[in-house]
Amino acid sequence: MGLVRNLDMRSGDSLEGLLSDKTKMRQQKGGSSRVVTLLTCLQFMFAVYATFLLYYMSPSIDLRSKPDFSWTKRIAHQWKQFIIPPHVVSRYNQEANSVVRAESTQPRSPSEVCEHEKIDFVQKKSNDAVMIKLKTELYQEVLDFQSKSFGAETLSQLMAMKSKWDLHGPNKPKITVILNHFKRKTLCAQLDSLLGQTLPFHHVWVLSFGSPNENSLKRIVHRYNDSRISFISSSYDFKYYGRFQLALQTEADLVYIVDDDMIPGKKMLQMLAHVAGTDKYKNSVLGSIGRILPFRQKDSSFPSYRKFRSKEAGLYLPDPAYNITVNRIVQVDFLSSSWFMSAELVKTLFIETPFTFMTGEDLHLSYQLQKYRNAASFVLPVDPKDKDTWGDSEHRLAYVSETTVIFKDVVQVRDDQWWRALSTGYVTQWAAMYPQKIDVLFYAHSVDEVKALAPLLLKFSSTVGKKAYIVVSGGNFCPCEDAAAALKWPKTVCKEKRFKIMDLGVGALSGNSNSEVPVVQAVYASMKGLIKIHNPSLVITVADTDSNVKKALKMATEANTNSSTLVLLPKSSVSKVLWMADIRSTALPNWNRMKIYVNIITQTRANSLARLLKSLSDAYYIGEEVPITFNMDSKVDEATLKLVNSFNWPHGPKILRRRIIQGGLIRAVSESWYPSSDDDFGLLLEDDIEVSPYYYLWIKYALLSYHYDPEISLPELSSISLYTPRLVEVVKERPKWNATDFFKHIHPNTPYLHQLPCSWGAVFFPKQWREFYVYMNMRFTEDAKQNPVQIPRSRTNGWQASWKKFLIDMMYLRGYVTLYPNFPNQTSFSTNHMEPGAHIAAKENVIKHNKADFEVPLLKQDFKNFLPNGKMPAATRLPSLNLFNQPVSLKGLKAAGAKLGQDILKCNQTEIVIVNHETGVPLHCTRF
């Protein structure tokens, strides 16, 4: 490139001739004496001349009358032939005359070199009533949305806003204007407009990259003879990005990049600078022409931005063809023909490698600014009656540019470009106006990760009412075509303009870099936009993905104000949670909310404890943190202590608690856990319990189905059992009972609600456990006969050394229930081995226990297929039983408790006690 500022190069031939002739003179006649004589004469003449010059410069000489120097001319004429030979003088005179003639042919004002674009057509106007209706309706919808969302000011309102720039004082902004020219003859019109601006520019750079009109453009710049206007040229065509590359060099505050089809009005710089200085629009790019990209069609695909007679094809603003003018500032998806912004924002254009350098710099700029700077693009409003406020005072030129981009290959490239932007997180006006809601957005950084996530993705995709997409890193990490092949999808899904699989093209940013920064930046920026567009309940990736990817996904999900949850699944766990697709969409965001604490009560049964710990270690925890606490009474033996101390628990913290004074079983169990929040759940296990590998999944599935769904109300649920009983425990006869047979008229394996709490493996809810603490404290007596609660026909009335007796009483009085599993042969998530301990071997316990009545098989396979229709039934379809295994509605259970009337507060028979769930303290009675 060459930088030229009004330079005229002159020939050096005359000087060379002079030096040549002097050499010949020295050689002629071979006499050195003549040379000495000539030099002496020359010195004499100079001395005489200097003397007269000093004389006439004297203050005593009156120069008002013109002095006569004709005698000096005569002397010089007589002596010149002795100093310079005649033939040299002749040659010099010829060259001087040629220069004079050349200068006389040069124009002396810009108007003599200016050329002007001929516009011999009338602005296109559509007479298609359908199209006019579609376009104006869409524009009004956009304007209404933006007005309600963040405001859309008129020009006068914008100019009344406070701006950091003092346009009439010392704090004027420096603005560099970049004019990019190729063939159009609009330079003079642009320069005239810029020189007449109400806010002066700092510099104007006229660019000519590979232009056939370079010489003409150079002459125009020279003749304007303004030191602020520079001409920059190159024989290489830097296309559409060259002007932005050059803009990186500006030292100005603001930069205004203008195409050769735009002739801005004379108030344009003042308007643009003022708006750019406001707090609301300082992080924006402003312009005069813009586009709103296509909207989604009814078939979930997106049309070409050139689709005819389609409302979804988007908008060109302003659009004189459809009588659409911009009278309020409007946010667009990208600007065309001119861009005004802070010089700091220009560098954002080059963060990612453009889709192509041949076109689309306008879209790429707006996309990158939003993605990496959260900067928006706006078209400024105009005063229709004042052309000085127009960014394109001759819109017909710009409209020609718009209508010439109709070649099929160019349209296809630009369609591919905007779709790639949208599918990698560009929040277009469609996305802002119509926020989506999907269940899951999967992310895979490699093809192996795609394969690992495939079962769950396909399960979501095939589940009615569920919606899930997958995002792949792209580039060298995971090309879209390879991911599609791994999912057994046709490769054409990578080209379709519909959301299904999205390629981030991470390699476009990171290239061959060994740094993790480009990867984190690309994944974060793209996923942040995609999460904002689609609002997924969950963002799922594999737990062992690259640590930088996890950081990026964590930041992206946390940036979403609509609360998306990041789920990191171990590859081995994916197939174990296919039931996730059956969780109601309203409950999915709560996937990570609950925290389940394993609490083990142990003392002297080291072998039993070892069996329990092995079963706990073999269970599936799907990568979640599960704290474990060992509660040991004062008489704990050495073997148990050694086992507990040596036990390794990789799933979370391990806590050891040992009593100083023996507390007994009641205190050991009831004081083993207390919730610290409403999302803490306590799993209580005595050491002779053993659990199924699927126990944790059952608890999580049940909590999400019946506790964490905001659209499901089941306040009566106070715990979840892992165990399925084989006896009716609370009646004297203790008859055998089979839930599978009992519920076969509904579904033989339906889960059910039971008023009986479980002590052989159950998870207790935080609110009801606090309530139980207060209740037990107020009702505990050493003598069971002194207990005021006597449930008719219940053998629990005589239980003395049992914490469970007090929990049964509270649940009966207040209508609480426990959720129980129900699988063939009472196969359960826990079993009780009925080994001698504080309760089974107690001397007071005269009941004989048949081990076969309590020991049940453990579930060793995925339980989902046993459930009705392969999933948890709706809460309203769960059958409920009273304390004696009789079918009773939830309302009937409350009625029985109210009728007994033995609660802490005295209520009538249509009321039950309500407590403060933060403290567990009873408050008042309320009707049920």
Side-chain angles (χ1 to χ4, degrees), residues 594-597 599 601 629 631 657 659 661 663-684 707 714-721 730 754-759 762-791 794 796-797 799-819 883 890 893-909 911-928:
M594 74 283 293
K595 194 163 191 176
I596 299 166
Y597 291 78
N599 301 274
I601 297 92
T629 300
N631 297 275
R657 298 174 60 196
R659 283 182 172 273
I661 300 174
L665 189 60
I666 290 181
R667 291 181 178 85
V669 175
S670 60
E671 296 177 9
S672 64
W673 169 76
Y674 194 84
S676 60
S677 80
D678 286 345
D679 294 311
D680 289 353
F681 297 83
L683 172 61
L684 307 188
H707 183 73
L714 193 57
E716 299 85 0
L717 186 61
S718 65
S719 58
I720 299 170
S721 174
V730 298
H754 195 184
Q755 204 169 21
L756 179 73
C758 179
S759 58
V763 170
F764 296 94
F765 289 17
K767 293 180 180 179
Q768 287 81 3
W769 193 255
R770 296 189 195 105
E771 188 175 345
F772 169 59
Y773 252 64
V774 174
Y775 178 87
M776 187 173 178
N777 177 266
M778 299 177 74
R779 285 290 170 88
F780 180 77
T781 59
E782 294 292 343
D783 183 1
K785 294 179 181 179
Q786 299 300 317
N787 192 311
V789 179
Q790 299 293 311
I791 301 174
S794 174
T796 63
N797 294 331
W799 291 358
Q800 296 183 27
S802 175
W803 63 274
K804 186 175 177 180
K805 181 258 190 302
F806 296 95
L807 184 56
I808 289 173
D809 290 351
M810 188 191 81
M811 291 179 65
Y812 186 88
L813 292 169
R814 298 175 185 177
Y816 288 129
V817 292
T818 297
L819 177 72
L883 192 60
L890 295 178
L893 297 179
K894 293 177 183 177
K899 182 179 180 181
L900 186 60
Q902 295 177 0
D903 208 331
I904 293 170
L905 300 182
K906 295 298 181 182
C907 305
N908 63 42
Q909 293 191 2
E911 297 177 327
I912 59 173
V913 172
I914 294 297
V915 304
N916 181 333
H917 282 299
E918 291 184 2
T919 63
V921 175
L923 294 177
H924 55 80
C925 301
T926 187
R927 293 178 65 87
F928 55 86

Spatial distance of atom CG (Leu893) from atom CZ (Phe928) [nearest 0.5 Å]: 10.5 Å
Please determine whether side chain to side chain contact (heavy atoms under 4.5 Å, CB included) holds for the pair Asp809 and Asn787, giving the CA-CA distance in whole Å, both sets of side-chain angles, and the decisive distance to 0.1 Å. CA-CA 10 Å; Asp809 290 351; Asn787 192 311; 3.9 Å; yes
If every non-hydrogen atom of Leu905 is compared with every non-hydrogen atom of Pro922, which pair is closest and at what distance? CD1-CB, 3.9 Å
Quick one: are the ring centres of Phe806 and Phe780 less than 6.0 Å apart? yes
So, applying side-chain contact (heavy atoms from CB on, under 4.5 Å) with Tyr816, which one of Pro715, Ser718, Ser719 is it? Ser718
Hey, does Val913 have a side-chain heavy atom less than 4.5 Å from the side chain of Cys907? yes
Minimal heavy-atom distance between Ser670 and Tyr773, with the atoms involved, is O-OH, 2.6 Å
Using only atom types and a distance under 3.5 Å, with no angle test, would you say the side chain of Arg779 pairs donor to acceptor with the backbone of Pro788? no
Using modelled atom types and a 3.5 Å cut-off, is there a donor and acceptor pairing between side-chain atoms of Asn631 and backbone atoms of Ile601? no
Approximate separation, where rounding is to 0.5 Å, of Asp679 CG and Lys595 NZ: 11.0 Å
Residues Val915, Tyr775; criterion side chain to side chain contact (heavy atoms under 4.5 Å, CB included); working and verdict: CA-CA 10 Å; Val915 304; Tyr775 178 87; over 6 Å; no
When rounded to the nearest 0.5 angstrom, what distance separates CG in Leu684 from NZ in Lys804? 12.0 Å
Identify the two heavy atoms, one from Leu807 and one from Pro757, that lie closest to each other, and give their separation to 0.1 Å. CD2-CB, 3.6 Å
Give me the ring orientation class for Trp673 and Trp769: parallel if the planes are under 30° apart, tilted from 30 to 60°, perpendicular past 60°. tilted
Taking the side chain as C-beta and beyond, is there a heavy-atom pair between Trp803 and Ser759 under 4.5 Å? yes
I want to check something: taking the side chain as every heavy atom from C-beta on, are Ile808 and Ile791 in contact at a cut-off of under 4.5 Å? yes
Between Arg814 and Gln768, does the side chain to side chain contact (heavy atoms under 4.5 Å, CB included) criterion hold? Intermediate values first, please. CA-CA 11 Å; Arg814 298 175 185 177; Gln768 287 81 3; over 6 Å; no
Would you sort out whether Ile904 and Leu813 count as a side chain to side chain contact (heavy atoms under 4.5 Å, CB included), showing the intermediate values? CA-CA 10 Å; Ile904 293 170; Leu813 292 169; over 6 Å; no
Might you point out which heavy atoms bring Leu900 and Tyr812 nearest each other, and give the distance in Å? CD2-CE2, 3.8 Å
For residues Gln909 and Ala898, report the shortest heavy-atom separation together with the two atoms involved. O-CB, 3.6 Å
Testing the basics here: between Arg770 and His917, what is the closest heavy-atom pair and its distance to 0.1 Å? NH1-O, 2.8 Å
Within the 4.5 Å heavy-atom criterion, are Val817 and Leu714 side-chain neighbours or not? no
Please report the interatomic distance NZ(Lys805) to CE(Met776), rounded to the nearest 0.5 Å. 11.0 Å
Rounded to the nearest 0.5 Å, what separation is found between the CG atom of Asp680 and the CD1 atom of Ile596? 10.5 Å
Using only atom types and a distance under 3.5 Å, with no angle test, would you say the side chain of Ser721 pairs donor to acceptor with the backbone of Leu819? no
Kindly compute the distance separating CE (Met811) from CD (Glu716), expressed to the nearest 0.5 Å. 11.0 Å
Is the distance between the ring centroids of Phe681 and Phe765 under 6.0 Å? yes
Heavy-atom side-chain contact between Arg659 and Ile661 under 4.5 Å: no
